[in-house]
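Only one structure is covered here, and it is reproduced in the block below.
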Amino acid sequence: MIDMDRAKLGFRDSVIVQVTLESHSDETLYEFGRALSAIPEVVEAHLVSGDYDDHIRIAVRDTRDRERLLREKLHKIPGIRHGKSHFVLRVLKETSEPLE
C-alpha cells in the first residue's frame with residue numbers, strides 16, 4: 001500500500017488543504033494543477049464545488065513540516081486567494097475500489 005511506503009519514509013501525517021483561487025480561467029486552473037504536480041508531498045488534488053475551489057491532500061512528517069510546506073511551496077503558487085488546512089486525525093475509510 002502506498003501510504004505504508006510514505007510512513008516508512010517519515011511522512012506519517014496527512015493534511016487536507018482547502019484553497020480558493022483568484023480566478024477560474026482555464027489558464028489559471030491549468031497552471032495551478034501544473035504547480036501542484038511539481039510538489040511531491042501533494043498526494044491528491046481535486047477541483048470541487050462549494051466554498052473552496054480545491055481540496056488537496058498533502059503528506060507531511062509533522063506540524064513543522066506542514067508549516068514549511070505551506071510557506072515554502074504551496075502558498076508560493078500564484079493565484080491563490082486564501083486557504084485553510086486540517087490535520088487528518090484518523091482515516092475512517094479509504095479504498096480505491098468502487099462500491100458494488
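What you are looking at is a predicted structure, and each value in this text was computed from that prediction instead of being measured.
- Members clustered with I80: V15, V17, V19, L21, L29, F32, L36, I39, V42, L47, I56, I58, V60, L69, L70, L74, I77, F87, by chain and number, using a 4.5 Å side-chain heavy-atom cutoff among hydrophobic residues.
- Scored by the side-chain contact (heavy atoms from CB on, under 4.5 Å) test, E67 finds R71 as partners (sequence neighbours excluded).
- Legend: salt bridge (charged side-chain N to carboxylate O under 4.0 Å, His left out) pairs involving residues 44-54, not counting sequence neighbours, sorted by first then second residue: E44-R57.
- Residue pairs meeting the side-chain hydrogen bond (donor to acceptor under 3.5 Å, both in side chains) criterion with at least one member in residues 72-82, sequence neighbours excluded, are E41-K73.
- Side chain of S37 to backbone of G33: a donor-acceptor contact under 3.5 angstrom is found.
- The shortest heavy-atom contact between A38 and P40 is O-CD, 3.3 Å.
- In this structure, NE2 in H55 is found 8.0 Å from NE2 in H86, a value given to the nearest 0.5 Å.
- For the atom pair S25 OG and E31 CD, the distance stands at 9.5 Å (nearest 0.5 Å).
- Listed by chain and number, the residues in a side-chain contact (heavy atoms from CB on, under 4.5 Å) with T95 are K93, E97 (sequence neighbours excluded).
- Note that OG of S85 is 9.0 Å distant from CD of Q18, once rounded to the nearest 0.5 Å.
- Hydrophobic cluster membership for V91: I16, V88 (Ile, Leu, Val, Met, Phe, Trp, Tyr linked by side-chain heavy atoms under 4.5 Å, directly or transitively).
- Residues passing the side-chain hydrogen bond (donor to acceptor under 3.5 Å, both in side chains) test with D65 are R68, sequence neighbours excluded.
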